[in-house]
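Before any comments, here is the structure.
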Amino acid sequence: MRDYGYEWPEYVSVAEKRRQAEKELVKLRKQGHAAAPVIVQGQKIVKNFWGLSWCSNLERYSDFASRLPRGRSYVRNGCVIDLQIEKGKIKAKVSGSALYNVTITIAPVAAKRWRTICTDCAGTIDSLVELLQGRLAKSVMDRVCREGDGLFPAPDEIKLACSCPDGAYMCKHVAATLYGVGARLDEAPQLLFALRGVDEGDLLAGAEQGMIVSNTAPDARMVLAGGDMSALFGLDMADASEAPVVVAAKPARQSRSAKKENAPLTKRTAPPRNEQPLKSASARKGRAAKAAAGTKRAGKR
């Protein structure tokens, strides 16, 4: 047997691996590290759409096909005692014959590629809840997950590193971490979008058009006052905090002809004799003087 300078570690049973993983997890937490272990219930590592899609994407690439199965038992046995996912990077601590550090770097989605995905899905995604639960039409989900130009990374977009002595490009600790990502996406699918450096909200119908906010005050002629709204919709829209201010409209000026037409028709009549208006005192004196003069002229005759 050829000696490659690598000594194979002793066989460790499944039960012993679990005990070691639990001990390492306790140590990390005592050191103040907020560990986030991958916990798999049963034999199925992934169950939901995004976790299944992540693992299927990895397994369809021949670069990884022969190496990934080695990590399945590790992740099932709780050996991934810490998994952190952030933009462009996955960090993990995997318990084996020792505690190993795994770093996986994933290139962000190219802006042009993401725009194409959003354009192809335009008008078809109305709910982020349905998107993250994988409950949209199959054609839409297939487009988002399409091999080569979808949301999932290709092998040339992934860089793998592990602190273990195994010289393989993908050791079992790295493989366990990649399956651990699938299990984590079952719980929090939005982490996939964070990992690829994109905003899932961009996929919403009409999101590419955006909402334009104007700082210019609207034209007063285009704004309905509260009274107008009440009259239009038949609703009581009075503001409880203050009484509405009513501004009386200034009446329009009328022409003279219009005034004559609109004036009420009344007949001017003289007051009865017994209701003649009283004249001034000077007028009465003058009338008495005239009467006296007339009497004198009559006596001379």
Side-chain angles (χ1 to χ4, degrees), residues 9-29 33-61 63-86 90-102 104 106 129-136 138 141-142 144-145 147 150-153 158 160 162 164 166 168 170-196:
E10 296 180 3
Y11 171 76
V12 180
S13 66
V14 170
E16 182 60 27
K17 286 178 180 177
R18 289 180 176 174
R19 282 195 294 269
Q20 289 181 359
E22 289 173 359
K23 287 174 63 176
E24 294 293 347
L25 181 57
V26 170
K27 286 181 183 178
L28 279 178
R29 287 176 172 168
H33 185 84
V38 176
I39 300 173
V40 176
Q41 302 291 344
Q43 290 298 306
K44 286 188 176 181
I45 298 173
V46 290
K47 303 177 181 67
N48 299 324
F49 174 81
W50 290 105
L52 288 166
S53 299
W54 171 268
C55 293
S56 297
N57 176 73
L58 294 173
E59 291 170 354
R60 67 189 174 193
Y61 293 122
D63 308 56
F64 300 152
S66 62
R67 307 294 297 183
L68 281 170
R70 301 179 63 194
R72 291 175 185 163
S73 63
Y74 264 62
V75 73
R76 286 194 188 104
N77 294 328
C79 293
V80 183
I81 64 173
D82 185 35
L83 179 66
Q84 306 290 338
I85 300 175
E86 58 190 49
I90 301 164
K91 295 180 179 179
K93 294 184 182 296
V94 182
S95 176
S97 54
L99 185 63
Y100 301 112
N101 295 315
V102 175
I104 301 173
I106 296 182
V129 173
E130 291 182 339
L131 171 66
L132 296 179
Q133 290 181 354
R135 294 192 289 109
L136 297 175
K138 185 177 183 299
M141 303 313 296
D142 286 347
V144 177
C145 304
E147 180 180 355
L151 189 60
F152 293 107
I158 304 175
L160 312 172
C162 181
C164 76
D166 190 346
M170 182 185 287
C171 63
K172 54 191 174 184
H173 312 110
V174 169
T177 300
L178 288 171
Y179 276 115
V181 172
R184 187 60 52 81
L185 294 181
D186 260 9
E187 304 169 359
Q190 64 270 20
L191 289 174
L192 174 62
F193 297 88
L195 177 64
R196 300 311 314 274

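In this chain, residues are counted from 1 in sequence order.
- For R67, the side-chain contact (heavy atoms from CB on, under 4.5 Å) partners are R70, D166, A168, M170, not counting sequence neighbours.
- Nearest heavy atoms, R135 versus V129: NH2-CG1, 4.2 Å.
- By the ring pair (Phe, Tyr, Trp, His ring centres under 6.0 Å) test, Y100 pairs with H173, sequence neighbours left out.
- The shortest non-hydrogen separation linking D186 to L52 is OD1-N, 4.4 Å.
- Here the shortest heavy-atom pairing between C162 and V174 reads CB-CG2, 3.8 Å.
- Atom CZ of F64 sits about 4.0 Å away from atom CD1 of I158, to the nearest 0.5 Å.
- Evaluation of the ring pair (Phe, Tyr, Trp, His ring centres under 6.0 Å) rule for F193 yields W50 as partners, not counting sequence neighbours.
- In terms of the side-chain contact (heavy atoms from CB on, under 4.5 Å) criterion, residue partners of N101 (sequence neighbours excluded) are, by chain and number, K93, S163.
- Residue-environment remark: NZ (K47) exceeds the threshold of 12 foreign heavy atoms within 6.0 Å.
- Residues P153 and N57 have side chains in contact (heavy-atom distance under 4.5 Å, counting atoms from C-beta outward).
- Smallest separation of non-hydrogen atoms from A21 and C79: CB-CA, 4.1 Å.
- Proximity of a side-chain donor or acceptor of W54 to a complementary backbone N or O of A183 within less than 3.5 Å is not detected.
- T177 places none of its side-chain heavy atoms less than 4.5 Å from the side chain of Y74.
- Atom-to-atom distance recorded for L195:CG and F152:CZ is 10.5 Å, nearest 0.5 angstrom.
- How far CZ of R19 is from OG of S95: 12.0 Å, rounded to the nearest 0.5 Å.
- The side-chain heavy atoms of V181 and I104, taken from C-beta on, include no pair separated by under 4.5 Å.
- With L185 as the fixed residue, the side-chain contact (heavy atoms from CB on, under 4.5 Å) test singles out one of V46, L132, L192: L192.
- Within the model, atoms CZ of R29 and CG of D82 stand 9.0 Å from one another, a figure rounded to the nearest 0.5 Å.
- Remark: R60 pairs with E147 by the salt bridge (Lys or Arg N to Asp or Glu O under 4.0 Å) rule, at least two apart or across chains.
- Looking at every heavy atom in both residues, G71 comes nearest to Y179 through C-CD1, 4.4 Å.
- The salt bridge (Lys or Arg N to Asp or Glu O under 4.0 Å) analysis of residues 187-196, with sequence neighbours excluded, yields the pairs E157-R196, R184-E187.
- Contact annotation: the side chain of M141 approaches that of L131 to within less than 4.5 Å [non-hydrogen atoms, C-beta and beyond].
- Summarising the geometry, atom CD1 belonging to I106 is positioned 4.0 Å from atom CD1 belonging to I90; distances are rounded to the nearest 0.5 Å.
- Nearest heavy-atom pair across L25 and A35 is CD1-CB, 3.6 Å.
- If you take CG on L68 and CG on L58, they are separated by 6.0 Å, rounding to the nearest 0.5 Å.
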